[in-house]
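Okay, structure first, notes after.
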Amino acid sequence: MTGPVIRTRDLRMRYGRTEVLRGVDLEVGAGEVAALLGPNGAGKTTTIEILEGFRRRSSGEVRVLGADPGTGGAAWRARLGIVLQDWQDHPRWGVRQLLAHIAAFYDRPRDPDELLEAMGLAEQAGLPAARLSGGQRRRLDVALGIVGRPEVLFLDEPTAGFDPRARSDFHDLVGRLAREDGMTILLTTHDLAEAERLADRIAILVRGEVTVSGTPSGLASVVQGASEVRWREDGALRAERTPDPSRLAYELHRRFGGPVPGLEIRRPTLEQSYLNLVGGAQATAAATGSGPSQSAGAERTAA
Ligand SMILES: Nc1ncnc2c1ncn2[C@@H]1O[C@H](COP(=O)(O)OP(=O)(O)OP(=O)(O)O)[C@@H](O)[C@H]1O
């Protein structure tokens, strides 16, 4: 298909009188990995559930693989892989049994044993799903999501509860699914580092609005806040915050007529900038009773 695989325009969702999505615009192209990043309660799960066809939106336009998820039929659903946040189905079924059962719904499923091997669950194949650890259960969830070779994979907080090793293995797996199988993947996460590592595109959702979106490097330049320039002058330590530290350093250099004593430039990390952005947007929303506004210069259309 041409055009984006996932697209929302002015997506809005109300629970009763509370508006939790306030005009979300997203675009994810074929074969891209996109991350919906945001704090608790931002609306990530609500967005992904609307895209999966689990939840009916209040208004706005939504297309996934060219169809409206609100009316997508069985053939459309068979092209999606879905990993929900809490998926505790069939606890007494054996791991392999459950995977083989779900595989049988699809025309071209993956081989359950190969998949268990790839997911590091071969040793647990005979165990009931209820006996898996949290991280193992999550890997089974992902196996269930991809057993039908979906074209689009939705992952809602896929690495919650993973230890660092499982997280790193999972990151490799997502990379392989996108690279080798050309799968389009949309995942939600709280973790900026995870979004940066995995995603071609990141959309930061705060209180139901995409405040910033773009590539990880583009995002860094948008959300990166002011730097602090420090130097010594007249026996005292001086400090100034500026978005353009090299200009200030140049001006100081000219003023001092040479090297600036004790010159230091401290740039905030992307993590600090993200936390400032999320915290600032929440504070603005609390003060005005509305959601945050778009950051100047931020790309708006692409997730
Ligand atoms: N069924 C529901 N009825 C009423 N309010 C809901 C419902 N589901 C979610 N909400 C509210 O909508 C807002 C967004 O929730 P959502 O689960 O989409 O956020 P999230 O970004 O996925 O959060 P988290 O990271 O904690 O999972 C929250 O304020 C939540 O309390």
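Just follow the structure's listing: the first ligand is 1, and inside any ligand the first atom is 1. One-based numbering along the sequence shown.
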Does a salt bridge link [X] with [Y], judged by any charged N lying under 4.0 Å from a carboxylate O?
| X | Y | value |
| --- | --- | --- |
| D181 | R110 | yes |
| E27 | R201 | no |
| E209 | R22 | no |
| R165 | D169 | yes |

Protein heavy-atom partner closest to [atom] - residue, atom, separation in Å:
| atom | result |
| --- | --- |
| atom 17 (O) of ligand 1 | T45 CB, 3.6 Å |
| atom 23 (O) of ligand 1 | G41 N, 2.8 Å |
| atom 1 (N) of ligand 1 | Y15 CE2, 3.7 Å |
| atom 19 (O) of ligand 1 | G43 N, 3.1 Å |
| atom 26 (O) of ligand 1 | N40 ND2, 2.8 Å |

message: Looking only at side-chain N and O atoms, does E194 offer a donor or acceptor that is under 3.5 Å from a partner on T159?
response: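 Yes.
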Which of the atoms in ligand 1, numbered in the order shown and given with their element, are less than 4.0 Å from a heavy-atom of [X]?
| X | result |
| --- | --- |
| H190 | 25 (O) |
| P39 | 21 (O) |
| A42 | 19 (O), 20 (P), 21 (O) |
| E157 | 24 (P), 25 (O), 27 (O) |

Test item: protein heavy atom less than 4.0 Å from atom 30 (C) of ligand 1: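 No, because not a single protein heavy atom sits under 4.0 Å from atom 30 (C) of ligand 1.
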For residues 70-78, which side-chain N or O atoms pair as donor and acceptor with protein atoms under 3.5 Å away, sequence neighbours left out?
residue: T71; atom: OG1; partner: D68; partner atom: O; Å: 3.3
residue: W76; atom: NE1; partner: V64; partner atom: O; Å: 2.8
residue: R77; atom: NH1; partner: G72; partner atom: O; Å: 3.2

field: Sub-4.0 Å heavy-atom contact, G208 with ligand 1
entry: no
query: Non-hydrogen atoms of G38 versus ligand 1: any pair closer than 4.0 Å?
result: no
- request: Mark yes when over 12 heavy atoms from residues, nucleotides or ligands other than E61 sit less than 6.0 Å from its CD; otherwise mark no.
  value: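 Atom CD in E61 is crowded, with more than 12 foreign heavy atoms closer than 6.0 Å.
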message: Can you confirm whether more than 12 heavy atoms, excluding those of E233, are under 6.0 Å from its CD atom?
response: yes
Would you mind writing out the side-chain donor-acceptor pairs for residues 101-109 within the sub-3.5 Å range, not counting sequence neighbours?
none

- prompt: Taking the minimum heavy-atom distance to atom 16 (P) of ligand 1, which of T46, L205, D156 ranks first?
  reply: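 Nearest heavy atom to atom 16 (P) of ligand 1 lies in T46.
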- prompt: Given that the side chain starts at C-beta and the backbone is N, CA, C, O, which of these parts of V20 lies under 4.0 Å from ligand 1, counting heavy atoms, or is it both or neither?
  reply: side chain
